[in-house]
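All remarks here apply to the structure that follows.
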Amino acid sequence: MSMDIESLRSFIACVENGSFTRAASQLHRTQSAISMQMKKLQQDVGKPLFEKSGRKLHLTQDGHTLMRYARRLVRLHDDTLTYMRSSERITQLRLGCPDDYAETILPRLVNQLHQHWPNLELDIHCMSSNRIKDALDQSELDLGIITRSPDSEEGLLLYHDQGVWVGKPHSKAPLPLAIFQRDCRFHQAATEGLMKQERPFKIIANCGSASALRALVKAGLAVGALARSSAQDLNIITHSGLPALPAIEVVLIRSNTTANPVKEDDLRTLCDAIQRFD
C-alpha cells in the first residue's frame with residue numbers, strides 16, 4: 001500500500017502545529033478532512049502514529065520514525081517537481097572538427113552553439129574532413145566543420161583561408177616535410193607540387209594533429225604546409241621557390257537525419273554569426 005504525498009504533508013503539519021485543528025487552518029482544509037487523512041495514513045503504515053494526552057497530540061515511536069522519512073520524502077518530491085518544471089529540454093549535439101581548426105574556428109562555433117541552445121550537451125570529435133563527411137552520412141555526427149572541395153557546394157561557408165609553408169627555410173636535400181594525412185588538400189598540393197618541380201623531399205611525419213605538426217616544425221625538424229589560420233606563431237616562409245599551396249573554403253555541414261537538432265535555418269544562423277564575428 002502506497003502513501004499519498006499530500007497525506008504526508010498533512011502529517012508533518014499536524015506534528016509541527018501540535019493539533020489537527022491548527023494543521024487544517026494552515027493547509028486551508030477542514031479538520032474532518034485532516035482527520036480522515038491521518039486515519040488513512042495509519043491504515044497504510046499499519047501502525048498507530050498518534051497518542052493523546054488530554055487535549056495534546058503526541059507521536060508514538062512509529063510516528064517519530066515516519067516523521068523523519070516524511071520530511072525527506074516531501075522535500076524530494078517538491079525538489080523533483082521544481083526541477084522538472086523549470087528545467088529546459090537538453091539538446092544533445094555531436095560535432096566533428098579537424099584538429100587544425102580546433103584552436104581557431106572551433107571556439108567561436110562552440111560559443112554560438114551554446115548561445116543558440118542554452119541547455120546544450122556537446123560532444124566534439126576531432127577527425128579529418130573526409131572522415132567527418134563519412135560520419136555525417138552514417139548519422140554518427142550531427143554537425144561538422146570541413147574543408148570544402150573546390151568543385152563542391154556542400155555546407156555553408158564559414159571563412160576563406162590560404163595554405164602557407166611554415167618553418168625555417170631548408171637548403172637540405174631532400175627537403176624534410178611535416179604534413180597532414182594523405183586526405184588533406186595541403187598534403188596533396190605540397191607533395192604533387194614538389195614532384196612537379198622535381199625537388200627531392202622526405203616526409204618526416206604524416207600528422208593527424210595540428211599540434212604535432214607545429215611541434216615538429218618548431219623543433220626545426222621540418223617545414224610544414226597548413227592553413228594560415230593554423231600557423232599561429234610559426235614563421236611563414238615566403239619567396240622560397242616552394243610550390244604554391246591552394247586557397248580553401250571552410251564550411252559548416254549537417255547530417256540530413258530527421259533526429260538532427262540542427263536544422264537548415266540553425267545552420268544559417270550559426271554561420272552568419274561567425275562571419276559577423278570575423
Side-chain angles (χ1 to χ4, degrees), residues 96-106 108-109 126-137 143-170 172-218 221-254 267 271 274-275 277-278:
C97 176
D99 181 77
D100 43 325
Y101 303 145
E103 296 182 34
T104 52
I105 192 66
L106 180 62
R108 281 179 269 170
L109 176 59
C126 283
M127 56 184 76
S128 69
S129 292
N130 286 342
R131 288 183 60 198
I132 288 172
K133 288 191 284 187
D134 290 341
L136 289 166
D137 290 341
L143 193 63
I145 302 169
I146 66 166
T147 303
R148 181 164 65 187
S149 301
D151 57 348
S152 172
E153 295 295 325
E154 62 189 340
L156 290 179
L157 182 68
L158 286 171
Y159 69 99
H160 296 277
D161 210 341
Q162 174 66 48
V164 291
W165 291 95
V166 292
K168 298 175 182 177
H170 273 269
K172 290 181 181 179
L175 179 71
L177 292 184
I179 47 181
F180 288 120
Q181 302 288 343
R182 291 176 178 81
D183 59 356
C184 172
R185 288 191 63 200
F186 297 134
H187 180 115
Q188 297 167 3
T191 55
E192 290 174 8
L194 289 168
M195 284 189 285
K196 285 179 182 177
Q197 290 182 344
E198 297 184 351
R199 183 168 182 174
F201 65 90
K202 178 181 180 181
I203 298 176
I204 299 299
N206 294 304
C207 302
S209 158
S211 299
L213 191 156
R214 284 196 294 266
L216 295 175
V217 171
K218 271 187 179 180
L221 296 177
V223 297
L226 74 176
R228 183 180 295 273
S229 63
S230 301
Q232 297 185 4
D233 57 347
L234 295 176
N235 176 61
I236 295 177
I237 302 172
T238 56
H239 309 297
S240 62
L242 291 169
L245 296 174
I248 59 170
E249 291 182 341
V250 180
V251 301
L252 194 59
I253 188 171
R254 61 180 289 274
L267 202 67
C271 290
I274 291 170
Q275 288 175 353
F277 183 89
D278 287 336

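It should be emphasised that the depicted structure is a prediction, and the values quoted were computed from it without experimental measurement.
- Put simply, the side chain of Trp165 gets close to the backbone of Pro243: a donor and an acceptor are under 3.5 Å apart.
- Minimum heavy-atom separation, Leu245 to Ala225: CD1-CB, 3.7 Å.
- How far CG of Leu177 is from CG of Leu216: 11.5 Å, rounded to the nearest 0.5 Å.
- Here the side chains of Val223 and Val166 are not in contact, with every heavy-atom distance at 4.5 Å or above.
- Contact check for Val217 versus Leu226: no side-chain heavy atoms found under the 4.5 Å cut-off.
- With respect to Arg131 and Asp183, no salt bridge is recorded, no charged nitrogen being found less than 4.0 Å from a carboxylate O.
- Between Thr104 and Tyr159 the shortest side-chain heavy-atom distance falls below 4.5 Å.
- Judged by distance alone, the side chain of Glu103 and the main-chain N or O of Ser229 form no donor-acceptor pair under 3.5 Å.
- Separating the OH atom in Tyr101 from the CD1 atom in Ile145 is a distance of 9.0 Å, to the nearest 0.5 Å.
- Interatomic distance, Thr147 OG1 to Ile132 CD1, rounded to the nearest 0.5 Å: 8.5 Å.
- Phe186 pairs with exactly one of Thr191, Val164, Ile248, Ile179 by the side chain to side chain contact (heavy atoms under 4.5 Å, CB included) rule, that one being Ile248.
- Shown here for Asp161 and Ala227, the closest heavy-atom pair between the two residues is OD2-CB, 3.4 Å.
- Residues Lys218 and Leu234 form a side-chain contact, since some pair of their non-hydrogen atoms from C-beta on lies under 4.5 Å apart.
- For the pair His187 (side chain) and Phe180 (backbone), a donor-acceptor distance under 3.5 Å is present.
- To the nearest 0.5 Å, atom CD of residue Glu249 and atom CD of residue Glu154 are 10.5 Å apart.
- When every heavy atom of Leu252 is checked against every heavy atom of Cys271, the shortest pair comes out as CB-SG, 3.8 Å.
- Using a 4.5 Å heavy-atom threshold, the side chains of Ile253 and Arg148 count as separate.
- Looking at heavy atoms from C-beta onward, Arg108 lies out of side-chain contact with Leu158 at the 4.5 angstrom threshold.
- You'll find the side chain of Leu143 reaches within 4.5 Å of the side chain of Leu267, heavy atoms only.
- Residues Arg214 and Ala231 approach most closely at CD-O, 4.2 Å, considering heavy atoms.
- Atom CZ of Arg182 sits in a sparse spot, with 12 or fewer heavy atoms from other residues, nucleotides or ligands closer than 6.0 Å.
- Side chains of Pro246 and Arg185 form a contact here, defined as non-hydrogen atoms less than 4.5 Å apart.
- Note that CD of Gln232 is 10.5 Å distant from CG of Asp100, once rounded to the nearest 0.5 Å.
- When all heavy atoms of Leu136 and Arg254 are compared, the closest pair comes out as CD2-C, 4.1 Å.
- Residues Ala247 and Gln162 come closest through the heavy atom pair CB-OE1, 3.4 Å.
- Going from atom CG of Asn130 over to atom CD1 of Ile146 covers 8.5 Å, rounded to the nearest 0.5 Å.
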